[in-house]
Participant: 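I'd like to ask some things about the structure below.
The analysis underlying the following values was restricted to heavy atoms, covering all of them including side chains, and did not include hydrogens, waters or symmetry mates. Numbering of ligands and ligand atoms starts at 1, following listing order.
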Amino acid sequence: MIGNLIIISSPSGGGKGTLIKEVLKIVPHIGYSVSFTTREMRAGEANGRDYFFVSRDEFETLIEESALLEFAEVHGNFYGTSLKQIKAEIEAGHDIILEIDVQGAAHVREKIHEAVSIFILPPSFAVLAARLTARATENAADLDLRLKNSFGEVSRFSEFEFVVVNDDVARATGDLQTIILADRLRRVRQSKVIKGILNSFETSKNQVTGE
Ligand code: 5GP
């Protein structure tokens, strides 16, 4: 199988992290793109697992060396997707999930037309605000900024091919799984297998039809 990019965006607190963890458990042959960021590491995060935490200077070097598929400034920090990791996963025939913001999603879609894009919507603003407050990973100013930015982010939902409403983790996980598996059935993604099957028809044609 040829791998594909699965872009997943949502406002902060939309619950995409939880859904992605669930999807990675149940869908085979799929990787997760570990981004570079200049944001501070949160308690419970690990370097190389959640992000590669780098300084501004290191991030600029990555840009200069064309090591990033895309990058954007989000909530006052820089985030970027590793081109090397994407290439390795696709070449191994795996899909790869890019958990990136709406600006990054637009950049990737411009470069890679076949990428699948999914927007995760929380069931309401109140639920989003409650989730962000409850997880308590941001200070008051950062939380406020993320809530303010959510208005602009949700307004860009129509740029995405698919929308999943995250009102129930099990159902929303199932929705994501369905989208990822359905994309694998696209004709272009099965071209190798189809070619083999059609060759078997071609070689048997003379015998059967006498042509
Ligand atoms: P957080 O700080 O909550 O981990 O992430 C903040 C925002 O940055 C989220 O919307 C997340 O999807 C986005 N983000 C994470 N990695 C990347 C990346 O590599 N590129 C872009 N454009 N956005 C990213």
Participant: Between Ser12 and Arg135, does any side-chain donor sit less than 3.5 Å from a side-chain acceptor?
Facilitator: yes
Participant: Look only at the side chain of Ser35 and the backbone of Tyr79, and say whether a donor-acceptor pair between them is shorter than 3.5 Å.
Facilitator: no
Participant: Could you pull out, from Asp101, Ile7, Ile120, the option with a heavy atom nearest to atom 13 (C) of ligand 1?
Facilitator: Asp101
Participant: How far is atom 20 (N) of ligand 1 from the closest protein heavy atom, and which atom is that?
Facilitator: Glu70 OE2, 2.7 Å
Participant: For atom 3 (O) of ligand 1, which of Arg146, His75, Glu138, Lys16 has the closest heavy atom?
Facilitator: Arg146
Participant: Looking only at protein heavy atoms, which one is nearest to atom 4 (O) of ligand 1, and how far off is it?
Facilitator: Tyr51 OH, 2.5 Å
Participant: Which residue holds the protein heavy atom closest to atom 16 (N) of ligand 1, what is that atom called, and what is the gap in Å?
Facilitator: Ser35 OG, 3.2 Å
Participant: Within a reach of under 6.0 Å around NE2 of His75, are more than 12 heavy atoms found that belong to other residues, nucleotides or ligands?
Facilitator: yes
Participant: More than 12 heavy atoms of other residues, nucleotides or ligands under 6.0 Å from CZ of Arg187: yes or no?
Facilitator: no
Participant: For Ala72, take its heavy atoms, then give the atoms of ligand 1 lying under 4.0 Å from any of them.
Facilitator: 22 (N)
Participant: Calculate, to the nearest 0.5 Å, the distance between atoms OG and CD1 belonging to Ser9 and Ile120 respectively.
Facilitator: 9.0 Å
Participant: For atom CZ of Phe71, decide whether the heavy atoms of other residues, nucleotides or ligands shown that lie under 6.0 angstrom number more than 12.
Facilitator: no
Participant: Under 4.0 Å from any heavy atom of Gly104, which atoms of ligand 1 are there?
Facilitator: 22 (N)
Participant: List ligand 1 atoms under 4.0 Å from Glu99, heavy atoms only on the residue side.
Facilitator: 12 (O), 14 (N), 15 (C), 16 (N), 17 (C), 24 (C)
Participant: Rounded to the nearest 0.5 Å, what separates atom CD1 in Ile197 from atom NZ in Lys192?
Facilitator: 14.0 Å
Participant: For atom 7 (C) of ligand 1, what's the nearest protein heavy atom and its distance?
Facilitator: Val74 CG1, 3.7 Å
Participant: Mind checking whether Glu153 has an N or O less than 3.5 Å away from an N or O of ligand 1?
Facilitator: no
Participant: Taking atom 6 (C) of ligand 1 as the point of reference, which of Phe52, Tyr79, Phe36 owns the nearest heavy atom?
Facilitator: Tyr79
Participant: Do Val34 and Ile6 belong to the same hydrophobic cluster, where Ile, Leu, Val, Met, Phe, Trp and Tyr are linked whenever their side-chain heavy atoms lie under 4.5 Å apart, directly or via other members?
Facilitator: yes
Participant: Does at least one non-hydrogen atom of Arg39 fall below 4.0 angstrom from an atom of ligand 1?
Facilitator: yes
Participant: Quick check: Arg42 and ligand 1, any N/O pair under 3.5 Å apart?
Facilitator: yes
Participant: Please say whether more than 12 non-hydrogen atoms of neighbouring residues, nucleotides or ligands are located less than 6.0 Å from CZ in Phe162.
Facilitator: yes
